[in-house]
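For reference, the structure discussed in these notes is given below.
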Amino acid sequence: MTSTTTTVRDDHATKRRALRAVTITACLPYLGLKAAWVAGSHVGIPEGSILRDADTSLVVANAVTILMDAAVVVLALLLTRPWGRRVPAWLLLLPMWGAVGLLTPIMYGFPAQLLVRALGGGAAAGSGGGGKRQFLDEWVFGVVYTGFIVQGLALGALFVLYARDRWGHLWQGTVGDLKAASPGRGQRAALTAAAVLAVVPGGVHLLWACGRPAGLAPEIARVYDAVFAAGETGYVLYAAATAAGIALLLSGANRGSRLPLRVPLLLAGVGSAASAAWGGWQLLATLTSLADDGRGPTAAMGVTYAVQVITGLLVLAAGARFFAARSARTPAAVPGRTAAGVPGRTGAEALAS
């Protein structure tokens, strides 16, 4: 029997190059500002700002965030260059999960807060409110957050194109198709726990979004306004998306739902990443640099952020097992290889590929 080899032509090469250029360009303003601050410049930092009194810890923090945004540049290259197809899945998906988690709240929160300000609510972005010293010049927030939004959109589009080519077969079909091979007991337990836990931070953030600053640190509660509340609505949505995605996946698999499989996977994946990554970032910030100015974490804040992280990690672990097992059962034709006869792989091999 003769097997034929079919090479898949990349019909999105121009689009990939354009998106890569946009992603990298969008990183430059933030990288430039951070590099200037590390070098001792005060560009964008007004007189009287606490950032003028930068110590070694702030310099280190700026250096770390430079590396984090530089990782976006590496991801853009990885998603568009031939060598990127040979990178083990976990080495790509973990930083991509973190990027989605950190950029999604900005992509939602910044426009929402701008809308609130346009309607006359809240203080300016660079203002501390309540008579506090201005933190950064107003233009810095516009430049930086606009860059983050562009990064998120362009990097997300690149990942969709990459993931569709490499793993698209893993989310084809409907939720009901899982009935014959539904998530295992351990995965179901982890996902169920994540859905239940997501209710905790979702409820707390809903309380804060509705104008009840109970449980917030004294300084944050003192300057609480509509802009802060607008940002909190995002965390309510991320928790709801996580719980809804899990519920649709588990219940739909049992009753043969015709809902496309990608819908609950996207809801649970993006929702849990946004909750976990930003929850972890906020927990780290409140436990370190902000703990000495009245913004340190209360018990409610600490528990809320910690539960967000735990929820996200549960979904991440269950998702990794789910895709690894599904990949082992559903081998796909790889561009440049024989379309038929690709041997099945174990779950561990699939996750590494």
Side-chain angles (χ1 to χ4, degrees), residues 89-90 93-94 96-98 100-101 104-105 163 167 170-207 209 232-280 282-283 299-330 346-348 350-351:
W90 67 268
L93 294 178
L94 284 179
M96 194 67 208
W97 183 79
V100 169
T104 297
W167 303 300
L170 298 181
W171 56 75
Q172 295 301 314
T174 67
V175 176
D177 295 336
L178 299 178
K179 193 169 185 178
S182 60
R185 182 177 300 177
Q187 295 171 48
R188 294 181 68 89
L191 290 173
T192 301
V196 173
L197 287 174
V199 175
V200 176
V204 174
H205 286 294
L206 179 61
L207 185 72
E232 290 300 301
T233 61
Y235 299 106
V236 178
L237 294 177
Y238 312 142
T242 302
I246 293 172
L248 289 171
L249 185 67
L250 295 182
S251 65
N254 291 331
R255 56 185 175 84
S257 171
R258 304 308 299 170
L259 181 71
L261 180 59
R262 61 181 177 273
V263 173
L265 293 178
L266 184 64
L267 286 172
V270 174
S272 63
S275 293
W278 206 254
Q282 288 176 312
L283 184 62
M301 293 171 66
V303 169
T304 298
Y305 299 148
V307 172
Q308 287 179 221
V309 174
I310 294 171
T311 301
L313 292 178
L314 284 172
V315 175
L316 180 64
R321 291 289 301 274
F322 171 79
F323 282 117
R326 189 169 171 83
S327 180
R329 292 192 301 267
T330 317
T346 65
L351 186 59

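We number each residue from 1, following the sequence as shown.
- The CG atom of L93 lies 9.0 Å from the CG atom of L316; values are rounded to the nearest 0.5 Å.
- The minimum heavy-atom distance linking G269 with W97 is given by the pair O-NE1, 4.3 Å.
- T242 places a side-chain N or O within 3.5 Å of a backbone atom of S272 that can act as its donor or acceptor partner.
- From L249, atom CG reaches atom CZ of R188 across 8.5 Å, with rounding to the nearest 0.5 Å.
- Considering all non-hydrogen atoms of both residues, Y305 and G279 come closest at CB-O, 3.5 Å.
- Side-chain contact between L170 and L261: absent, with no pair of heavy atoms (C-beta onward) separated by less than 4.5 Å.
- From L206, atom CG reaches atom CD of E232 across 10.0 Å, with rounding to the nearest 0.5 Å.
- Under the side-chain contact (heavy atoms from CB on, under 4.5 Å) rule, T304 has a single partner from V200, L283, L207, V204, which is V204.
- Closest approach of A209 to T233, counting heavy atoms only: CB-CG2, 3.8 Å.
- Checked against I246 for a side-chain contact (heavy atoms from CB on, under 4.5 Å), the options L267, V196, V315, L314 give a single hit: V315.
- Put simply, the side chain of D177 reaches to within 4.5 Å of the side chain of R258, judged on heavy atoms.
- Here the CZ atom belonging to F323 is positioned 8.0 Å from the CZ atom belonging to R326, to the nearest 0.5 angstrom.
- Contact of the F322 side chain with the L265 side chain is registered, since non-hydrogen atoms from C-beta on lie closer than 4.5 Å.
- Put simply, the side chain of T311 gets close to the backbone of V307: a donor and an acceptor are under 3.5 Å apart.
- Taking 4.5 Å as the limit, every side-chain heavy atom of P201 sits out of range of all side-chain heavy atoms of Y238.
- Annotation for A190 and A318: closest pair CB-CB, 4.2 Å, computed over non-hydrogen atoms.
- A pairwise comparison of heavy atoms in A273 and V100 identifies CB-CG1, 4.3 Å as the closest pair.
- Contact detail for A277 and G98: the closest heavy-atom pair is CB-O, 4.1 Å.
- The structure places CG of L250 at 12.0 Å from OG of S257, a figure rounded to the nearest 0.5 Å.
- With contacts defined as side-chain heavy-atom distances shorter than 4.5 Å, the pair V175/L248 does not qualify.
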